[in-house]
**Student:** 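Below is the structure I would like to discuss, written out as structure tokens.
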Amino acid sequence: LGDGPLKGRRVLVTSGPTHEPIDPVRYIANRSSGAQGSALGHALAALGADVTFVTGPAEVPPPAGVDVVRVETAREMLAATEAALPVDAAIFAAAVADWHVAGSEQKIKKTGTTPVLEFSENPDILARVAQRDRDRPRLVVGFAAETENVLAHAEAKRTRKGCDWIVANDVSPATGIMGGTENAVTLITETGAEEWPRAGKADVARRLAERIADALGPA
Ligand code: C5P
């Protein structure tokens with residue numbers, strides 16, 4: 001770690017799921033393991049980047065050689081992300097919950113009536129960072145985990161959120177990608193879509209880190 005094409009570059013990575021509390025003992029989560037985000041943090045640090053790694057409660061441990069900021073909820077992830085700016089590049093690999101509920105201060109008890117959860121939308125961390133006017137990172141990369149019309153949905157997401165690149169993947173259960181060790185992605189940039197062969201998450205991370213280094217150029 002230390003030397004390499006990203007030496008002197010500050011890169012932010014978000015990773016893992018978020019947990020949205022229902023009450024002090026219960027939460028809503030998703031199946032993200034944090035594997036692709038950790039592999040990416042490792043690959044960026046291996047190319048010499050100064051990496052801030054903002055992670056939700058992931059199964060896979062964060063990589064060595066990065067500054068780890070642990071968060072639980074999407075709102076905490078937004079705050080930690082904004083606190084890490086300015087950066088040269090920001091990669092949003094986290095599977096952020098779309099909603100949170102108005103969490104109860106006390107454990108919800110069985111009372112005979114079933115509780116009703118009211119959902120409120122979480123901030124879109126990627127969109128907020130991509131649309132900053134003063135200190136927008138030069139390169140903003142999002143992920144799009146889809147189960148159908150992957151390319152169309154991912155390209156629409158790139159435009160709507162205002163990021164530069166989208167790493168699109170098919171997370172249909174049959175692919176075994178979510179929670180698995182391999183990934184098959186299509187990189188969507190300003191100039192088009194490139195389908196990458198299915199490979200280990202570490203290989204996908206290395207390839208993406210190299211592309212990020214090429215895009216930023218020498219420091
Ligand atoms: O809209 P969707 O969740 O599919 O977008 C996925 C991309 O947006 C990922 O890069 C994810 O990390 C990011 N995102 C975010 N904050 C949210 C929702 C998604 O940063 N609240």
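Counting begins at 1 with the first residue of the sequence. One-based numbering, in listed order, for ligands and for the atoms of each.
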**Student:** If you round to the nearest 0.5 Å, how far is CG of Leu44 from OG1 of Thr52?
**Tutor:** 11.5 Å

**Student:** Which salt bridge (charged side-chain N to carboxylate O under 4.0 Å, His left out) pairs, counting each pair once, include a residue from residues 35-56, with sequence neighbours left out?
**Tutor:** none

**Student:** Residues in side-chain contact (heavy atoms from CB on, under 4.5 Å) with Thr189, at least two apart?
**Tutor:**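 For Thr189, the residues satisfying side-chain contact (heavy atoms from CB on, under 4.5 Å) (neighbours in sequence not counted) are Trp165, Leu187, Thr191, Arg211.
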
**Student:** Using the ring pair (Phe, Tyr, Trp, His ring centres under 6.0 Å) rule, collect all pairs that involve residues 5-29, keeping only residues at least two apart or in two chains.
**Tutor:** His19-Tyr27

**Student:** Give a table of atom pairs where an N or O of ligand 1 lies under 3.5 Å from a protein N or O.
**Tutor:**
from: ligand 1; atom 1: 1 (O); to: Lys161; atom 2: NZ; distance (Å): 2.9
from: ligand 1; atom 1: 4 (O); to: Lys157; atom 2: NZ; distance (Å): 2.4
from: ligand 1; atom 1: 5 (O); to: Lys161; atom 2: NZ; distance (Å): 2.8
from: ligand 1; atom 1: 8 (O); to: Lys161; atom 2: NZ; distance (Å): 3.0
from: ligand 1; atom 1: 10 (O); to: Phe92; atom 2: O; distance (Å): 2.6
from: ligand 1; atom 1: 10 (O); to: Phe143; atom 2: N; distance (Å): 2.8
from: ligand 1; atom 1: 10 (O); to: Phe143; atom 2: O; distance (Å): 3.3
from: ligand 1; atom 1: 12 (O); to: Phe92; atom 2: O; distance (Å): 3.2
from: ligand 1; atom 1: 12 (O); to: Ala94; atom 2: O; distance (Å): 2.7
from: ligand 1; atom 1: 16 (N); to: Ile125; atom 2: N; distance (Å): 3.0
from: ligand 1; atom 1: 20 (O); to: Leu126; atom 2: N; distance (Å): 2.9
from: ligand 1; atom 1: 21 (N); to: Pro123; atom 2: O; distance (Å): 2.8

**Student:** If the threshold is 4.0 Å, N to carboxylate O, is there a salt bridge linking Glu210 and Arg207?
**Tutor:** no

**Student:** Report whether Leu12 and Leu126 are members of the same hydrophobic cluster (ILVMFWY, side-chain heavy atoms less than 4.5 Å apart, transitive linking).
**Tutor:**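 Result: yes, single cluster for both.
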
